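Atoms within each ligand, like the ligands themselves, are counted from 1 in listed order. Please read all numbers here as calculations on a predicted model, not as lab measurements.
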Amino acid sequence: MLFPYQIKSEEAYHQAYKQSIENPPAFWSAIAEHFTWKKKWDDVLTWNFSEPNVQWFKGAQLNITENLLDRHLPTKAHSPAIIWEPNDPEEHHRVITYQKLYEKVCQFAHVLNNNGIKKGDRVCIYMGMIPELAIAVLACARIGAIHSVVFGGFSAQSIADRLYDAQAEYIVTCDGAYRGQKDIPLKSVIDDALIGNRTVKKVIVCTRTRTPVSMLKGRDVWWEDELKKVETLGLHDFPAVAMDAEDPLFILYTSGSTGKPKGVVHTVAGYMLYTHYSFINVFQYQPEQIHFCTADIGWITGHSYIIYGPLSAGATTLIFEGVPTWPDAGRFWEIVDKYRVDILYTAPTAIRSLMGFGLGPLHGKSLASLKVLGTVGEPINEEAWHWYNEQVGKKRCPIVDTWWQTETGGILISNLAGITPSKPSWATLPLPGVQPILVDEKGEEILGNNVSGNLCIKTPWPSVLRTTYGDHERCRTNYFATYPNLYFTGDGAMRDENGFYRITGRVDDVLNVSGHRIGTAEVENAINMHAGVVESAVVGYPHDIKGQGIYAFVIYSGAHGDETLSRKDILTTVTRIIGAIAKPDKIQFVSVLPKTRSGKIMRRILRKIAEGETENIGDTSTLLDPSVVEEIKRGKL
Ligand code: WT7
């Protein structure tokens, strides 16, 4: 059997779960035995959550790309590793076999090497969804450089902040990217991000859109020119650099409740093991299947379930450059039929948005190849769940509702497709090795069923974040200090009579907009950059498609009294500072914000108002001036 650790029955799940909790080292080392190691481990697990210090497979050496590529060559050299569907359906798709991918990764590893990049260096990758993005990621992993992929929708300022935080010396980018009807001038954004930057030494630019770009002498080089040098020498292999199990594999920035994004660090061995294990078990992957995860590689979902998880299993992973609604809202279904996709993994926001187009786009689509459907990123409402089940899965495909986070590296709570029961809008049960607990405000464990509380995890799973780049203390205070000796997720959850979990959403000042995490403090900082803004407060409110919308209360003293113009100016500012994804959906101008006597903004009240609550605003007695509430209520948009 290819995956002897693939769970094939509900009973086997409970058995695996029990073993994983009773003896984690025995459980995980048995799985690890199936991978390629340059040197085996001395210790499976040493840990404490107080520092935190978590080490899996200490003493072991490996290279993750040997496990994703070299390992599969004897049996899968000519099987497709990547299928690429371009933005424009008229353009030719590409199929890259495992042999080809291996060669391309090795060749680009040479390119990185020739440009002075070595093990431990930070490489920022800012590209669209083309195979070269996956190749760049894997080439970094091959030489031991730490990749930091930045989503193509982030602004120059956001990139500059991330480059600085990671002290990145290298960038891989494209001239531009296609997304639906848009052309995004990636290189020009990078040029803006690099104004005043003294750290970046090289920018490697891959051709995609042929958008005119300015190439700086000595700094900027073309991907294709660099590749040619390697090809001329006939180089097709690059020895995989030996990495310690706990060496960093990548940094991925994510928002928290403070203004500054955190660089979540994942390490080689644990991340490899857990993304593999969760991939084959949650989706019940079978050899030869085609896996289509619609996320962008710029988010953790793309890292774990477009690149690392599927390739570690020898699967065919589909990379889609475009958007679900272009040229029309039938694009996903067309892709499913075109390639006979087996597993479709997408976000509730995409499902809700496609639902809005009615059944027309599904007409004439067979979808008969689909076996498993998945969702991720936010709670899925029952209506969307049923639509997905009936219209897409035709009631014959199990749906997995997968709960996890950038920090968890892989799926922690989910049903296993067709193996363990599903329950609409419930993520259900933890994967083996994962021990969720609910705690109250004081950190006391809430026992029993039919309860709710703050969701924590008790013990380390292999892909728990190890640190936040350059600031370990921040990692401790953010995740491991709220409740001593527990990993705190920032989410609230309920547990039912079966022990199933339902994630109810963030309990901190973090928004989830279309499955993208956005800190309210970050949006406020961006709004406050606008010259006319005195102060602002940002909260979330229920949004039919995005899940959560961004509602900004702004005290404005701008010169021109035209509110529409002022709103546009503020939106432009937010797009400049963060990116279009953080643009508020509503901006309400107010003359004061509700504050306590000590000057703290009472978001609880603003949240209620934004949600449309008029009666039960809650206790306002601690407000400096309770009458402001009425004024703000009157101005609600
Ligand atoms: C936050 C993590 C992990 C991939 C995408 C988002 C929310 C994620 C679910 C789900 C309910 C979910 C949580 C979590 N979330 N999946 N299945 N049900 N909520 O990654 O940006 O790190 O955000 O997304 O609130 O904390 P992320």
Between [X] and [Y], is the gap from one ring center to the other below 6.0 Å?
X    : Y    : result
H291 : Y305 : no
Y253 : F154 : no
H266 : H303 : no

Extract all donor-acceptor atom pairs below 3.5 Å that involve side chains of residues 293-300 and protein atoms in other chains or at least two apart in sequence.
| unit_1 | atom_1 | unit_2 | atom_2 | d |
| --- | --- | --- | --- | --- |
| T294 | OG1 | T346 | OG1 | 2.8 |
| D296 | OD1 | G298 | N | 2.7 |
| W299 | NE1 | H516 | NE2 | 3.3 |

Atom pairs and distances, donor-acceptor, side-chain atoms in residues 382-391, under 3.5 Å, two or more places apart:
| unit_1 | atom_1 | unit_2 | atom_2 | d |
| --- | --- | --- | --- | --- |
| Y388 | OH | L344 | O | 3.4 |
| Y388 | OH | G374 | O | 2.9 |

* Structure fact -> Contacts for ligand 1, heavy atom under 4.0 Å, by chain and number, are I300, T301, V376, G377, E378, P379, D401, T402, W403, W404, Q405, T406, D491, I503, R506, N512, R517
* To do: Using the salt bridge (Lys or Arg N to Asp or Glu O under 4.0 Å) rule, collect all pairs that involve residues 397-413, keeping only residues at least two apart or in two chains.
  => E407-R517
